[in-house]
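Presented below is the structure to which this report refers.
For clarity, every value in this text was computed on a predicted model and none was experimentally measured.
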Amino acid sequence: MAISACFFIPSLPNNTNPKLGLSRQFLPSPSPLRLSLSSFSSFTPSPLSLRLFHPNTLSSSFILFSGGDGGDGVNSNPPFGGGGDGGGDNNEGGENAGDRNREEALMALAEAKSSLDSLPADLAAAIQAGRIPGAVVSRFLELEKSGIFRWLMQFGGFKERLLADDLFLAKVGIECGVGIFTKTAAEYDRRRENFFKELEIVFADVVMAIIADFMLVYLPAPTVSLRPPLSVSAGPIAKFFHNCPDNAFQVALAGSSFTLLQRLGAIARNGAKLFAVGTTSSVVGTAVTNALINARKAVDKSASSEVENVPILSTSVAYGVYMAVSSNLRYQVLAGVIEQRILEPLLHQHKLMLSAICFAVRTGNTYLGSLLWVDYARLIGIQKAQEEHKALA
């Protein structure tokens with residue numbers, strides 16, 4: 001059975017007894033000093049709490065003894081997975097998590113013999129606000145040892161993604177390096193004997209894909225948000241999308257959470273960005289392709305009846321829609337579910353094996369995307385097989 005007691009304690013040692021489950025949280029005066037002790041009794045009575053104010057001080061001590069699981073959940077959230085999808089309405093729990101994050105981050109800095117002043121302003125502000133756990137600070141200090149990563153982390157977007165995934169740069173290299181070969185192979189698989197006859201269209205597809213490959217890895221990648229809160233004058237729509245994650249399926253940091261609506265908002269926001277990227281890259285790709293076609297017609301007069309210019313507007317809009325829907329969903333699931341939630345927890349200590357499996361999965365996803373694009377382009381009529389052109393001639 002849990003036993004309750006209350007007494008005044010003017011000061012406490014700055015430590016925690018893991019065997020008794022004792023923890024303390026300092027609050028500014030005149031708020032009470034709060035302690036909690038979880039009993040190991042098999043009984044689970046309701047917590048009993050008492051207060052005793054010392055007549056000569058403005059502060060008080062508050063000691064809570066309870067049996068069973070009636071604690072305040074001090075250690076309920078791991079550094080990279082505590083948020084879940086709750087609405088985050090428990091202000092007390094959020095404050096406790098923020099204090100834990102701040103203590104962990106400062107401890108990581110102390111162990112590395114570093115200080116807040118040596119960190120970038122956005123990272124230091126996030127630590128002071130309690131939004132960054134110690135694991136993220138440790139990862140930042142580790143990445144800073146590399147000259148390439150130190151340079152990349154000067155850019156906010158790269159820093160947020162590298163802090164969430166230290167293999168982010170490798171995944172960018174995988175996507176862009178493999179993209180040329182897999183997309184060309186997919187084009188050949190779909191076109192076969194018409195591959196060289198439709199070489200200009202193939203070239204346009206590959207150019208569009210390579211331009212977009214980087215953004216397909218960059219935008220849906222999980223991030224550690226270091227962005228400061230928006231101003232009070234910001235509109236409700238801007239505030240909503242500001243609080244959405246970059247990946248709809250990413251694991252929330254300890255002390256934070258994303259609602260279902262915010263995760264859906266991440267898909268919509270990335271979809272809009274990828275539509276713009278796809279449309280722009282398609283305009284560039286089709287413009288270059290049409291220039292090559294016209295140059296070929298000028299040299300080879302017989303090719304004028306066989307090769308037609310690629311429609312720029314319809315192709316660009318179609319590719320933008322394809323990226324906003326198909327590519328967006330596939331890469332959101334790949335980065336947030338397959339990699340962050342499945343592969344990384346299983347192979348966290350085996351980076352080489354993790355990189356190899358990510359290489360295989362991303363190669364398959366890139367090849368699948370190329371097949372889907374060719375089928376989609378022919379379905380909506382912006383690309384036709386060579387036989388169909390001859391039949392219409």
Side-chain angles (χ1 to χ4, degrees), residues 83 85 156-158 160-161 164-165 168 171-172 175-176 179 183 186 204-205 207-225 227 230 234-252 257-286 312-341 361-362 364-380 382-383:
D85 289 334
F158 274 98
E160 290 183 339
R161 285 160 176 80
D165 181 7
F168 169 73
K171 293 173 183 178
V172 171
E175 197 71 35
C176 295
K183 292 179 185 301
D205 289 348
V207 169
M208 288 186 294
I210 297 305
I211 293 175
D213 271 343
F214 172 78
M215 300 305 296
L216 282 173
V217 183
Y218 185 88
L219 290 178
T223 61
V224 172
S225 179
R227 294 167 291 185
L230 291 178
I237 296 179
K239 289 181 179 179
F240 169 75
F241 283 111
H242 179 80
N243 294 325
C244 291
D246 286 280
N247 185 284
F249 306 101
Q250 75 176 61
V251 178
S257 62
F258 302 116
T259 65
L260 178 60
L261 189 59
Q262 286 174 326
R263 292 186 181 275
L264 293 176
I267 296 177
R269 183 182 61 188
N270 276 353
K273 292 179 180 180
L274 287 174
F275 174 81
V277 171
T279 302
T280 303
S281 63
S282 181
V283 168
V284 174
T286 51
I312 295 179
L313 181 60
S314 59
T315 301
S316 300
V317 173
Y319 194 65
V321 172
Y322 171 79
M323 286 192 63
V325 179
S326 175
S327 300
N328 184 26
L329 293 176
R330 284 187 293 106
Y331 279 86
Q332 291 266 354
V333 172
L334 173 62
V337 178
I338 297 176
E339 291 180 342
Q340 190 180 46
R341 292 184 179 269
V361 172
R362 286 186 172 270
N365 179 65
T366 303
Y367 184 76
L368 174 63
S370 300
L371 298 179
L372 293 175
W373 162 247
V374 175
D375 291 340
Y376 166 73
R378 288 180 173 175
L379 178 65
I380 63 177
I382 61 173
Q383 293 183 7

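The two residues S257 and A252 have their closest heavy-atom pair at CA-CB, 4.2 Å. Smallest separation of non-hydrogen atoms from A335 and P220: CB-O, 3.9 Å. Shown here for N270 and Q332, the closest heavy-atom pair between the two residues is ND2-NE2, 2.8 Å. V333 and F249 make their closest contact through CG2-CE1, 3.8 Å (heavy atoms, listed as atom of the first residue, atom of the second, distance). Nearest heavy atoms, I380 versus A318: CD1-CB, 3.4 Å. Considering all non-hydrogen atoms of both residues, T280 and A276 come closest at OG1-O, 2.8 Å.
L313 CG: 12 or fewer foreign heavy atoms inside a 6.0 Å radius.
Between the S281 side chain and the G278 main chain, a donor and an acceptor come within less than 3.5 Å of each other. A donor-acceptor contact shorter than 3.5 Å is absent between the side chain of S326 and the backbone of Y322. Checking side-chain atoms of N365 against main-chain N and O of V361 turns up no donor-acceptor pair under 3.5 Å. The closest donor-acceptor contact from the side chain of Q262 to the backbone of P245 lies at 3.5 Å or more, if one exists at all.
The distance from atom OG of S225 to atom CG of N243, rounded to the nearest 0.5 Å, is 8.5 Å. Note that the CD atom of Q340 and the CG atom of N247 stand 7.0 Å from one another [nearest 0.5 Å]. To the nearest 0.5 angstrom, C244 atom SG is 7.0 Å from L261 atom CG. Going from atom CZ of F168 over to atom OG1 of T223 covers 10.5 Å, rounded to the nearest 0.5 Å. For the atom pair CZ of R362 and SG of C176, the computed distance is 10.0 Å after rounding to the nearest 0.5 Å.
Side chains of L216 and E175 form no contact here, defined as non-hydrogen atoms less than 4.5 Å apart. Put simply, the side chain of P222 does not reach to within 4.5 Å of the side chain of V251, judged on heavy atoms. Here the side chains of R161 and Y218 are in contact, with some heavy-atom distance below 4.5 Å. Taking the side chain as every heavy atom from C-beta outward, L372 and R330 approach each other to under 4.5 Å. For the pair R227 and E160, the minimum side-chain heavy-atom distance is below 4.5 Å. Taking the side chain as every heavy atom from C-beta outward, Y331 and L219 never approach each other to under 4.5 Å.
W373 and Y319 have perpendicular rings, their planes meeting at more than 60° on a 0 to 90° scale where under 30° would count as parallel.
Remark: of the listed residues N328, T279, V277, V277 is the sole one forming a side-chain contact (heavy atoms from CB on, under 4.5 Å) with M323.
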